[in-house]
Amino acid sequence: MSSNIKKITKNSRRKRFSDEQIKSLETTFESESRPELHLKQNLANNLGLQPRQVAIWFQNKRARSKSKQIEREYSMLKSNYDNLALQFEALRKENQALVIQAQKLRKMADHSKNDVENDNKNQIKIDISSHELCMPDYLEEADVLNMAQIAEGSLASPENVCSLESCTFLDNTGGGAEWWEF
DNA sequence: TTGTGTTTTATTGCCTCC
DNA sequence: GGAGGCAATAAAACACAA
């Protein structure tokens, strides 16, 4: 900025526009943010301003409007991001739980596979109270289990009799397998 | 009252369009 | 090449806490 212009600026003591002037400019801006020359000249005449001042006001107003719009968009994007981050964290935890569950199921599946392989050997021995029993082909695992429980006298009533499906045999990894010794 | 931060008016330099 | 727009910036005016 030249010193000449600086002097002019200092001497001419810039004043803020009146409320009425601002209101009129704002109203025009709402309908036309880039008014043509003749409209700016009309506004200047009506408001007692220089056309140059009106042009500068619109220029500055467009800049303010643009930066406010950017702020709004930023806050919207930030809000969306925060929501997505929350959803991501919830899904991450759910995924973690499912991975653990899958590992347990895989272990259980491995145990079942071993059982089937051992069935095929056609020789199953059960060690109950130091007695060793062999399980014939026609016996199911549940039958053997029930027999073992009966042998131990653990079945106090008929309702305690359970099948393979209803028992927790497969749920306790390794717990039920202790009954079998091959 | 004064120091400081914010808002508003104005300038400058660059770019695009006709 | 001139007119007009935009980004960056200066500087005056204003708001407000200490």
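Letters go in sequence order (proteins before strands), and every chain restarts at 1.
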Check against salt bridge (charged side-chain N to carboxylate O under 4.0 Å, His left out), K78(A) and D82(A): CA-CA 6 Å; K78(A) 187 176 183 303; D82(A) 290 343; 3.2 Å; yes
By nearest heavy atom, map A63(A) and L37(A) onto DNA chain C; which one lands nearer the 5' end?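 The 5'-side residue here is L37(A).
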Nearest nucleotide by nearest heavy atom, which residue falls closer to the 5' end of DNA chain C, A55(A) or N60(A)?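 Of the two residues, A55(A) wins.
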Spacing between [X] atom [atom1] and [N] atom [atom2], to the nearest angstrom:
{"X": "I70(A)", "N": "dC6(C)", "atom1": "CD1", "atom2": "P", "value": "13 Å"}
{"X": "K61(A)", "N": "dG5(C)", "atom1": "NZ", "atom2": "C1'", "value": "18 Å"}
{"X": "Q50(A)", "N": "dT9(B)", "atom1": "CD", "atom2": "P", "value": "15 Å"}
{"X": "K15(A)", "N": "dA13(C)", "atom1": "NZ", "atom2": "C1'", "value": "12 Å"}
{"X": "R62(A)", "N": "dT8(B)", "atom1": "CZ", "atom2": "P", "value": "17 Å"}
{"X": "F17(A)", "N": "dC14(C)", "atom1": "CZ", "atom2": "P", "value": "13 Å"}
{"X": "Q59(A)", "N": "dC15(B)", "atom1": "CD", "atom2": "P", "value": "16 Å"}
{"X": "I56(A)", "N": "dA10(B)", "atom1": "CD1", "atom2": "C1'", "value": "5 Å"}

Taking the basic N atoms (NZ, or NE/NH1/NH2) and the acidic carboxylate oxygens, is any pair closer than 4.0 Å for E89(A) and R92(A)?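 Here E89(A) pairs with R92(A) in a salt bridge, since their nearest N and O are under 4.0 Å apart.
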Among the candidates dG5(C), dT12(B), dT9(B), find the nucleotide nearest to the side-chain atoms of K40(A).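 The nucleotide sitting nearest to the side chain is dG5(C).
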Quick one: label I22(A) by what it contacts on the DNA or RNA (base, sugar-phosphate, nothing), any heavy atom closer than 4.0 Å.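 Since only primed, P, OP1 and OP2 atoms lie under 4.0 Å of I22(A), the category is sugar-phosphate.
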Go through it in stages, so that I can follow the logic: the residues are R72(A) and Q69(A), the test is side-chain contact (heavy atoms from CB on, under 4.5 Å), and I'd like the CA-CA distance, side-chain angles, deciding distance and then a yes or no. CA-CA 5 Å; R72(A) 278 195 296 272; Q69(A) 176 65 21; 2.6 Å; yes
Indicate yes or no: at least one non-hydrogen side-chain atom of Q101(A) is less than 4.5 angstrom from one of Q103(A).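 Counting from C-beta outward, Q101(A) and Q103(A) never come under 4.5 Å.
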Would you say the side chain of M76(A) lies within less than 4.5 Å of the side chain of E73(A), judging by non-hydrogen atoms?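 No; the side chains remain at least 4.5 Å from each other.
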Is there a donor-acceptor contact under 3.5 Å from the side chain of T27(A) to the main chain of K23(A)?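 Yes, T27(A) side chain to K23(A) backbone: donor-acceptor pair under 3.5 Å.
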For DNA chain B, whose closest nucleotide is more 5', that of R52(A) or that of W57(A)?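 With R52(A) and W57(A) compared, the 5'-side residue is W57(A).
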How bent is the helix from dT1(B)-dA18(C) to dC18(B)-dG1(C), measuring the angle between the end axes built from five pairs each, rounded to 10°?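 Angle reported: 10°, given to the nearest ten degrees.
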Run E94(A) and Q96(A) through side-chain contact (heavy atoms from CB on, under 4.5 Å) and show every step you take. CA-CA 5 Å; E94(A) 188 181 342; Q96(A) 207 171 14; over 6 Å; no
If you round to the nearest 0.5 Å, how far is CG of L77(A) from CD1 of I70(A)?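 Answer for the CD1-CG pair, I70(A) versus L77(A), is 11.5 Å.
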Please table the atom pairs, donor to acceptor, closer than 3.5 Å between any side-chain atom in residues 39-53 of chain A and protein atoms at least two apart or in another chain.
from: N45(A); atom 1: ND2; to: Q41(A); atom 2: O; distance (Å): 3.4
from: N46(A); atom 1: ND2; to: N42(A); atom 2: O; distance (Å): 3.3
from: Q53(A); atom 1: OE1; to: Q50(A); atom 2: N; distance (Å): 2.9

Just the atom pairs and distances: protein N or O near nucleotides 5-7 of chain B's N or O, under 3.5 Å.
from: dT7(B); atom 1: O2; to: R16(A); atom 2: NH2; distance (Å): 2.7

